[in-house]
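One structure is given here, and the rest of the page talks about it.
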Amino acid sequence: MSGGTWSWQRVAGQGGSVFVTLFGLLILTFVIGRIMPVDPVRAIVGEDATREVYEAAYLRLGLDKPMWQQFLFYLRDVATLDFGTSIRTGQPVLDDVKRVLPATIELATFAIVFGAGVGVPLGVLAAVHKDRWPDHLIRVFSLMGHSMPIFWTGMIGLLVFYAGLGWVGGSGRMSQFYIGLVPERTNFLLIDSALAGQWDVFCSAINHILLPASLLGYSSSAYITRMTRSFMLDQLNQEYITTARVKGLSRRQTIWRHAFGNIRVQLVTIVALAYGALLEGAVLIETVFAWPGFGQYLTSNLLIGDMNAVMTCVLIVGLIFITLNLISDLLYRIFDPRTR
Amino acid sequence: MTDTSRARPAPRRRPRPGLIAARNILVYLAKAPTSAFGLLVLALLILAAVFAPLLATHDPYAQNLTTTLQPPGAAHFFGTDELGRDIYSRLLFGARITLTIIFLVTIVVGPIGLLVGTVAGYFGGRTDTVLMRVTDIFLSFPSLILSMAFVAALGPSLNNAIIAISLTAWPPIARLARAETMIFRQADYIAAARLQGASNARIIWRSIVPMCLPSVLIRLTLNMATVILTAAGLGFLGLGAQPPLPEWGAMIATGRRYMIDSWWLVTFPGLAILSVSLAFNLLGDGLRDALDPKQMTRR
């Protein structure tokens, strides 16, 4: 009983801290929006608006009010999901984001599958062969992925696998030929094309996603490999492993069933965090591959100073990060009986 | 007054064992092949930056429209770019920019992180809560995206990129310094200093900061690879160093248009970024091993 109330208190405490972080996030985006060297009124009324029009827009935006009041307006807008209109596209920012985000999620999901699929086995292998040549080799391989400027790797990848060998599709989500053919339902291209039964588009999309996703995944596998290795080492050094071996269990069974079985929970949290970190690489790789996703949207709006869009994008990235942290924390609690 | 002067000898004696430890660590790093490679690359980077005018074969800014997009050869080791500038010479001068970024980020981030971390850890309670909340907010962003937003707000330039990177790089340092301070706070020598009447500021500055310094420096080395990649990424997106400057990321961005026919435009600056960031990662990895007591005894 007391254990129950204790964990409720913890949940409440965590909810409170998430709330404070969220509030700080809003202050941060607000400040960034305010110090941006763009006149928000000019951006709306245009360069050659008359003085009266300018003044009216100025008052309508509430710019004559004190800062704290403007911040309250901002809070109200965010609470009602009104993020303003993008200057560049002329559409509500929220609609834009809904359109571009699926492309990035598709890319990041493929990347994390690749990253975890490569990173976890390599981490286990490195731990089992600690300080022998597989360990050193894996260390260099994963540090390499961690050290590569991803935008450069993307270009070299295009040069070699697209221009040189012709193994994969070039930039974009699919061949130019198919653009506009797929009915937009979810904006996830793979799902949409499969729903519409357009398997040639589906294949083209797979062909285009492979290179950027595997490069992105490679860069995130470094972190996953390192963490897997250290988790595994912690387990392998414990006495129950020796006991299992003494009892006559095979090496393979000890490693995979016993040691690996115990680190699965930790791995899930690590992969969730790595998924968030992919967003960063996505910004750069989307620019290289002309991938019409969130990263490209953010970058192009930053370059022209589209304030509403930038503030919203930064807010969304922060939200995704906080959510992933929370999810990984929750998963940890659900799956690990010791934390209950 | 006399009380505080009596507290002085203790921290004064510390640097000597510190220097010996630093030498031991350096020897350890030079012995392992991976971290030795890291040391070598960084030494080369510093040499390239210092002696850039001597080592360069051409003026890094001199355009020559009769020799544009020349492939690598005897006249131009790494070829020329779309304006006929020598890529080898530009890379050498780019090393200066990279070193500037490393240096400035270190001297901005180190003190800020130390200040926030030690104050939070030393005073605890409400001060700690507030400072760590602020740290958490900054940590809830991927560093590249936050620096992009800051640069957009400040206007794209090399200096603003450095400011933006520094703004996003201090939170992990503050976290670390706080954790260390929490350990030292309970130590007897801190209690002794306090009993002698030393002020809080003095205790933090003279007794706690020197103790946190080694681990903070190591953490800075570890983070430097990320800093370099972020700076290059900003340069690539056009938010960092601006065109005539031979910044490696910006060089890749301009070379991108000619990439298919002239591979050397993007390949060499990319290799430069890769080797420096790999060097820092290998070095950081080695430092972690060198300072992990469990690992030390085993070797």
Side-chain angles (χ1 to χ4, degrees), chain A residues 17 20-25 27-29 31-38 131 136 139-140 143-144 146-153 155-156 158-159 162-163 222 226 276-281 283-284 287-288 295 298-299 301-303 305-307 310-311 313-314 317-322 325, chain B residues 33-34 37 129 133-134 136-146 148-156 225-226 228-230 232-233 235-239 248-249 252-253 255-256 259-261 263 266-267 269-282 284-285 294-295 298-299:
Chain A
S17 79
V20 174
T21 313
L22 262 179
F23 191 71
L25 197 69
I27 294 179
L28 201 63
T29 49
V31 169
I32 288 171
R34 284 306 110 138
I35 55 176
M36 266 178 90
V38 180
D131 285 338
H136 295 307
R139 175 185 292 208
V140 171
L143 277 181
M144 227 22 197
H146 196 55
S147 312
M148 280 179 174
I150 185 113
F151 52 95
W152 176 74
T153 328
M155 285 182 211
I156 300 295
L158 275 176
L159 258 175
Y162 170 65
R226 166 175 293 169
L278 279 179
L279 278 176
E280 193 165 283
V283 169
L284 292 167
T287 308
V288 175
L298 172 63
T299 317
N301 285 326
L302 267 180
L303 291 173
D306 192 340
M307 197 177 72
V310 170
M311 283 166 76
C313 287
V314 172
V317 171
L319 276 179
I320 293 176
F321 245 55
I322 293 176
N325 269 309
Chain B
T34 48
F37 174 79
T129 313
R133 275 283 153 257
V134 176
D136 280 350
I137 291 161
F138 277 87
L139 274 177
S140 68
F141 280 105
S143 60
L144 177 71
I145 290 176
L146 190 57
M148 280 169 72
F150 279 129
V151 174
L154 299 167
T226 317
I228 285 170
L229 288 182
T230 309
F236 171 71
L237 292 172
L239 292 167
W248 297 339
I252 294 178
R256 194 177 154 206
M259 177 178 81
I260 300 287
D261 299 313
W263 54 269
V266 295
T267 307
L271 284 176
I273 300 171
L274 172 64
S275 36
V276 173
S277 99
L278 186 63
F280 272 110
N281 271 329
L282 289 172
D285 225 46
K294 275 186 287 181
Q295 299 255 350
R298 217 168 277 163
R299 286 196 188 213

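Below, read A as the first sequence line, B as the second, and so on, with proteins coming before strands; counting in each chain starts at 1.
- Between B/L274 and A/M144, some side-chain heavy-atom pair lies under the 4.5 Å cut-off.
- With a 4.5 angstrom heavy-atom cutoff, B/F280 does not touch chain A via any of its atoms.
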Report the C-alpha distance between B/L144 and A/L284 in whole Å, list the side-chain angles of each, state the deciding distance to 0.1 Å, and finish with yes or no for side-chain contact (heavy atoms from CB on, under 4.5 Å). CA-CA 10 Å; B/L144 177 71; A/L284 292 167; 3.8 Å; yes
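- Of the two parts of B/A225, neither the backbone nor the side chain holds a non-hydrogen atom closer than 4.5 Å to a non-hydrogen atom of chain A.
- Between A/W152 and B/R256, every side-chain heavy-atom pair lies at or beyond the 4.5 Å cut-off.
- When all heavy atoms of A/P149 and B/I273 are compared, the closest pair comes out as CG-CG2, 3.7 Å.
- Looking at heavy atoms from C-beta onward, A/F151 lies out of side-chain contact with B/L237 at the 4.5 angstrom threshold.
- In this structure, B/M259 and A/V288 have side chains that are not in contact, with every pair of non-hydrogen atoms separated by 4.5 Å or more.
- For B/L239, the part sitting under 4.5 Å from any heavy atom of chain A is the side chain, from C-beta outward, and nothing else.
- Contacts of B/T267 with chain A are made by both backbone and side-chain atoms, with heavy-atom separations under 4.5 Å.
- When atom types are taken as modelled, the side chain of B/W263 and the backbone of A/L159 share no donor-acceptor pair closer than 3.5 angstrom.
- Side-chain contact between B/L229 and A/I150 is absent, with no heavy-atom pair separated by less than 4.5 Å.
- Under the 3.5 Å distance criterion, with hydrogens and angles disregarded, no donor-acceptor pair is assigned to the side chains of B/D136 and A/T21.
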